[in-house]
Amino acid sequence: MGYCAIVPLAVPNAAHWHYIRALKTAGISHIIAVESPGSPDEQEGGVFAAGIRPAVDGYHAIPAAKGMGVGGAIKAALAHYAAHAAGYGTKGVFIDCFAALSACGMADLCRESERRPNSLVYVKRERGGFFFSAAMRVLCKQALPRLYVFAAAVPNALVGVCQKAAGTSSGFMLNMAILCAGAGVPIATIPAQRMEKPLRGRLATRTMADRLVYFYTFTGSLLRFVANAALSGGLDFAVYALMARFALVFLPDTTRLFLSSLTARIASSSVNYALNRRLPFVTNNRLAPTILKYYTLWAIQLGLSFSLVWALHTAFGLSELIAKLCVDPVLGFFSYQIQMRWVFTQKPTHTTDFSYKQEG
């Protein structure tokens with residue numbers, strides 16, 4: 001099978017060579033291993049330390065840099081592959097971060113990738129993942145299936161795209177799926193029947209550190225949006241309070257509240273727009289199309305903010321500052337969704353495809 005396997009942060013001991021033999025059994029023609037020597041007790045008799053290296057055709061070793069994580073190792077291997085792909089003569093790369101797939105599972109993943117030369121192919125989770133899928137829709141606008149993100153097949157056409165994914169730890173593989181889905185790349189999945197039995201049914205990250213990386217990866221956009229909103233919101237609130245309580249106190253309530261809202265929004269919107277153009281979910285940060293959309297949303301949000309604050313202040317006697325603190329966070333949540341899905345996005349060039357066809 002014309003695929004190259006990437007083995008990140010491998011400790012070349014007896015277990016490692018057993019896995020390499022499994023890769024060759026699956027029909028993998030070339031292997032790029034980012035080797036990390038590890039401690040002597042990890043090396044089962046000092047296989048690597050003694051310099052005993054089995055002769056494996058198509059085995060290419062890259063030394064791991066100090067402090068390199070799983071994502072960094074995969075990036076290094078992808079860069080090496082991109083530079084030598086012509087010499088390998090392979091159709092793409094296969095990545096299995098934690099050696100979870102059996103030889104048959106590896107073959108299935110690569111075979112499906114051969115069927116779909118422009119798709120990223122993952123293993124589908126058998127159970128769980130509902131929170132992940134729902135969170136991806138809300139926080140990252142990506143309708144990803146329930147993926148086991150630590151094993152994937154990447155065809156040659158997508159190697160360059162995948163190299164651009166963020167992260168140096170295990171979160172890199174999830175970022176790779178988010179990046180490709182955002183670019184309109186089809187993402188296919190295969191069933192998990194071919195997983196090694198000890199791992200089937202619990203396809204998840206291995207450590208609490210990985211879980212935190214996993215959580216931060218798909219909440220990163222929201223967290224940065226909240227931070228941006230807090231900064232621009234603080235400016236907005238300060239200007240509003242200054243205008244409503246001091247500068248415009250001589251005006252009628254309706255005029256005073258409207259002018260205060262308008263001045264505060266103008267002051268904060270320029271800061272917020274500049275910050276939001278750099279958010280992870282942004283696929284279009286060009287000035288001309290996005291600024292028009294942004295200020296269209298801004299005008300609508302301004303009108304809603306003024307109307308709701310005015311209603312709470314006049315109808316219920318609520319302080320205008322308290323009313324603003326109640327209204328703006330709710331509007332901010334909807335603003336996040338609209339900016340992510342409309343203001344800073346562009347239409348994808350592909351149609352996402354999650355289907356899998358069993359061999360006849």
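- No hydrogens or angles considered: a donor-acceptor pair under 3.5 Å links the side chains of Ser113 and Tyr3.
- With hydrogens and angles left out, the side-chain atoms of His80 and His60 include no donor and acceptor closer than 3.5 Å.
- Using cut-offs of 30° and 60° for the angle between ring planes, the Trp298 and Tyr295 rings count as perpendicular.
- Residues Asn276 and Tyr294 have side chains that never bring a donor and an acceptor to within less than 3.5 angstrom of each other.
- Contact between Ser305 and Val327 at its shortest, heavy atoms only, is CA-CG1, 4.2 Å.
- Taking the six-membered ring where the residue is Trp, Tyr59 and His16 present perpendicular rings, their angle passing 60° and hence far from 30°.
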Decide side chain to side chain donor-acceptor pair (under 3.5 Å) for Tyr273 and Thr290; before the verdict, give the C-alpha distance in whole Å, the side-chain angles of both, and the deciding distance to 0.1 Å.
-> CA-CA 9 Å; Tyr273 173 75; Thr290 58; 2.7 Å; yes
| said: Using salt bridge (charged side-chain N to carboxylate O under 4.0 Å, His left out), reason through Lys24 and Asp57 one step at a time and then give a plain yes or no. | reply: CA-CA 9 Å; Lys24 301 302 287 187; Asp57 291 336; over 6 Å; no
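- Contacts of Lys91 classified as salt bridge (Lys or Arg N to Asp or Glu O under 4.0 Å), with partners at least two apart in sequence or in another chain: Glu114.
- Within a 6.0 Å sphere centred on CZ of Phe334, other residues, nucleotides and ligands contribute 12 heavy atoms or fewer.
- Atoms NZ and CD1, on Lys293 and Ile338 in that order, are 12.5 Å from each other to the nearest 0.5 Å.
- The cationic group of Lys324 lies under 6.0 Å from the six-membered ring centre of Tyr240 and within 45° of the ring axis, placing it in a cation-pi geometry.
- The hydrophobic cluster containing Leu179 does not contain Phe344, counting ILVMFWY residues as joined when their side-chain heavy atoms lie under 4.5 angstrom apart, directly or transitively.
- Atom CZ of Phe316 has 12 or fewer neighbouring heavy atoms from other residues, nucleotides or ligands inside a 6.0 Å radius.
- Residues meeting the salt bridge (Lys or Arg N to Asp or Glu O under 4.0 Å) test with Asp96, sequence neighbours left out: none.
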Quick one: do Val185 and Asn118 satisfy side chain to side chain contact (heavy atoms under 4.5 Å, CB included)? Show the steps, please. CA-CA 7 Å; Val185 172; Asn118 295 308; over 6 Å; no
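- Nearest heavy-atom pair, Gln163 versus Ala79, reported as atom, atom and distance to 0.1 Å: NE2-CA, 3.4 Å.
- Checking side-chain atoms of Thr263 against main-chain N and O of Ser260 turns up no donor-acceptor pair under 3.5 Å.
- The distance from the CG atom of Leu120 to the CG atom of Leu158 is 6.5 Å, given to the nearest 0.5 Å.
- Here Arg256 pairs with Asp253, Glu320 under the salt bridge (Lys or Arg N to Asp or Glu O under 4.0 Å) rule; sequence neighbours left out.
- A side-chain contact (heavy atoms from CB on, under 4.5 Å) with Phe237 is found for exactly one of Leu325, Asp328, Leu242, namely Leu325.
- Interatomic distance, Leu78 CG to Ile32 CD1, rounded to the nearest 0.5 Å: 8.0 Å.
- Looking at Ser307, its side chain does come within 3.5 Å of a backbone N or O of Gly303 through a donor-acceptor pair.
- Across all non-hydrogen atoms, the minimal contact from Val70 to Cys97 is CG1-SG, 3.8 Å.
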